[in-house]
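In what follows, a structure is listed as structure tokens, so that the remarks can point back to it.
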Amino acid sequence: MILDSFQYMNALDYFELFFMGVLASGALVLLMHRLAIPLGLMDVPCERKDHNGQVPLVGGMAVYIATAVILLFYQPHSVDRDLYLVASAIIVFIGVLDDKYDLTVRSRLIGQSLVALILIAGLQKHFFSLGDLFSIGTTIELYSFGIPFTVLAVLALINAFNMIDGIDGLLGFVSAVFYGFLGVQALLSGSIYIFITCLVLVACLIPFLAANLGFAPVGNKKIFMGDAGSMFMGLTVVWLTVEATQSSQPIVRPVTVLFFAALPIIDMIAIIIRRIKKGKSPLVADRDHIHHIFMRGGLSPRQTLLVLVTLSFMSAFFGLMLERFNVPDVLVLASFICLCVAYSIMVQHSWKFCRWLRSHFTK
């Protein structure tokens, strides 16, 4: 069913859309798994990667292609959709090149910046306001800084989602949490365009998560997202945030969206601060992310995944409640700062936190 508008969609249409997304993504996961070796897209264990054997780096491509196919068939034609899919195709291609040839940091940043500028120039959309952050009746306008701020947001979120991709399932679940809660807010606010986009993205992530975590029916087809996937997720998060917060009828405040992607954002900020304090480049990879810290504290990868996904879900749910009850922006911002402080305390006392978790949930 190709839709000309969303006017007559009902619950069954949404279910069909979701089912087709899962089906398309599942088929592409199986197909891309077979093509990984011919394409030379295999992840080899090394000092920073301790998985068993070589694993295909094709999850990002599978999720993107499935998302593009479903959106093209089920969403009404629009310049926004088409340019987003084109920009996403370019970012996925850059990610594939990085997965295969290990591009330099400079090359990646230039490519990501160009993709961001393509979206900004083509759609004439970017962050122009941060809302009434101090609740004084005056919105914070970005004016000429809006475009560079948006480019920086794209670079930051792409790298934040790349950094969180350290254990099986984490990137997929954290992305699904963001799309899920933004989709709920979109549905409650009457923005069916954003809701359908989020619904398709969640549906297309499910087969990847099943393969990544070893669940039936694709449990023997283990794959990773790769840099193509983390770049696609990061770009999509920023694009949806701009669509949701900067339109003439915004459905959510910019400060609220921070809660939907709290885990990757806070982890990125914390890791950059730690690296700078140690005199290291903030862009040099290491094993000091939150998932590494929890596993060094004694949790298994699956226990770590459960804890972090739960924390991500709770943060997003809290943000949604703040939005639904129209809590003033300044209090929402203060709550996010408190969340950052709580994260810092949790990391500093990770051994005690992990010991407490093991004593209560691993008996």
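For the pair R81 (side chain) and Q75 (backbone), a donor-acceptor distance under 3.5 Å is present. No donor-acceptor distance shorter than 3.5 angstrom exists from the side chain of S315 to the backbone of L311, with no hydrogens or angles considered. In this structure a side-chain-to-backbone donor-acceptor pair under 3.5 Å is present from T150 to G146. Side chain of D329 to backbone of S135: no donor-acceptor contact under 3.5 angstrom is found. Within the 3.5 Å criterion, the main-chain N or O of L57 finds no donor-acceptor partner in the side chain of D43.
Close placement of the Y14 and F195 rings is indicated, their centers lying within 6.0 Å of each other.
A distance of 11.0 Å separates CG in N326 from CG in L331, rounded to the nearest 0.5 Å. Atom OH of residue Y179 and atom CG of residue L199 lie 13.5 Å apart, to the nearest 0.5 angstrom. L71 CG to Y193 OH: the interatomic distance, rounded to the nearest 0.5 Å, is 7.5 Å. Residue Q246 holds its CD atom at 10.5 Å from NZ of K125, rounded to the nearest 0.5 Å. Expressed to the nearest 0.5 Å, how far OH of Y64 lies from OG of S25 amounts to 14.0 Å. In this structure, CG on L308 lies 6.0 Å from CD1 on I167, to the nearest 0.5 angstrom.
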Given side chain to side chain contact (heavy atoms under 4.5 Å, CB included), test V92 with M231 step by step and report yes or no.
CA-CA 7 Å; V92 169; M231 289 186 188; over 6 Å; no
Given the rule in the side chain to side chain contact (heavy atoms under 4.5 Å, CB included) test, do F294 and V307 qualify, once you have shown the distances and angles that lead to the verdict?
CA-CA 9 Å; F294 278 5; V307 170; 3.7 Å; yes
Could you go through the side chain to side chain contact (heavy atoms under 4.5 Å, CB included) check for L109 and N159 one step at a time?
CA-CA 10 Å; L109 292 178; N159 286 283; 4.1 Å; yes
Candidate pair I265 and L157, rule side chain to side chain contact (heavy atoms under 4.5 Å, CB included), full reasoning:
CA-CA 7 Å; I265 291 173; L157 266 296; 4.3 Å; yes
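With 3.5 Å as the limit, one finds a donor-acceptor pair spanning the side chains of Y343 and D267. At a cut-off of 3.5 Å, with distance as the only test, a side-chain donor of S189 or Q185 sits close to an acceptor on the other residue.
Each of L306 and L263 belongs to its own hydrophobic cluster when Ile, Leu, Val, Met, Phe, Trp and Tyr are linked at side-chain heavy-atom distances under 4.5 angstrom. Note: the hydrophobic cluster containing F325 also contains L258 (ILVMFWY, side chain heavy atoms under 4.5 Å, direct or indirect links). Hydrophobic clustering places I136 together with V330 (ILVMFWY residues linked when any side-chain heavy atoms are closer than 4.5 Å, directly or through intermediates). Both I140 and V332 are assigned to one and the same hydrophobic cluster, defined by single-linkage of ILVMFWY side chains at heavy-atom distances under 4.5 Å. Clustering ILVMFWY residues whenever any of their side-chain heavy atoms sit less than 4.5 angstrom apart, transitively, puts M42 in a cluster other than the one holding F208.
Minimum heavy-atom separation, I70 to A24: CD1-CB, 4.1 Å. The two residues L209 and G172 make their nearest non-hydrogen contact at CD2-CA, 3.8 Å. Residue A36 comes nearest to P56 through the heavy atom pair CB-CB, 3.4 Å, listed as atom of the first residue, atom of the second, then distance. Looking at every heavy atom in both residues, A228 comes nearest to D99 through N-OD2, 3.3 Å. Of all heavy-atom pairs spanning T197 and L240, the tightest one is CG2-CD2, 3.9 Å. The minimum heavy-atom distance between L103 and D98, with the atom names listed, is N-OD1, 2.8 Å.
You'll find the side chain of V202 stays beyond 4.5 Å of the side chain of L205, heavy atoms only. With a 4.5 Å cut-off on side-chain heavy atoms, F318 and S335 count as touching. Counting heavy atoms from C-beta outward, M225 and S175 have side chains that stay 4.5 Å or more apart. At a threshold of 4.5 Å between non-hydrogen side-chain atoms, the residues P264 and V174 count as touching. In this structure the side chain of V63 reaches within 4.5 angstrom of the side chain of F232, judged on heavy atoms. Residues V58 and L31 have side chains not in contact (no heavy-atom distance under 4.5 Å, counting atoms from C-beta outward). The shortest distance between side-chain heavy atoms of S78 and D82 does not fall below 4.5 Å. With a 4.5 Å cut-off on side-chain heavy atoms, I271 and M163 count as touching.
Ion pairing of D227 with R108 is absent here, as no side-chain N (NZ or NE/NH1/NH2) approaches a carboxylate O to less than 4.0 Å. Residues D168 and K222 are paired through a salt bridge, judged by an N-O separation under 4.0 Å between the basic side chain and the carboxylate.
For L188, the CG atom counts as densely surrounded, since its 6.0 Å shell holds more than 12 non-hydrogen atoms of other residues, nucleotides or ligands. Around the CZ atom of F128, the shell of radius 6.0 Å holds more than 12 heavy atoms that belong to other residues, nucleotides or ligands. Within a 6.0 Å radius of CD in E141, other residues, nucleotides and ligands contribute more than 12 heavy atoms. Annotation for M314: atom CE does not count as buried by contact number, only 12 or fewer foreign heavy atoms lying within 6.0 Å. The environment of CZ in F313 is sparse: at most 12 heavy-atom neighbours from other residues, nucleotides or ligands sit within 6.0 Å.
Classified by interplanar angle (parallel below 30°, tilted 30° to 60°, perpendicular above 60°), the ring pair Y84/W239 is parallel.
Partner of F178 under the side-chain contact (heavy atoms from CB on, under 4.5 Å) criterion, chosen from V257, T236, L201: V257.
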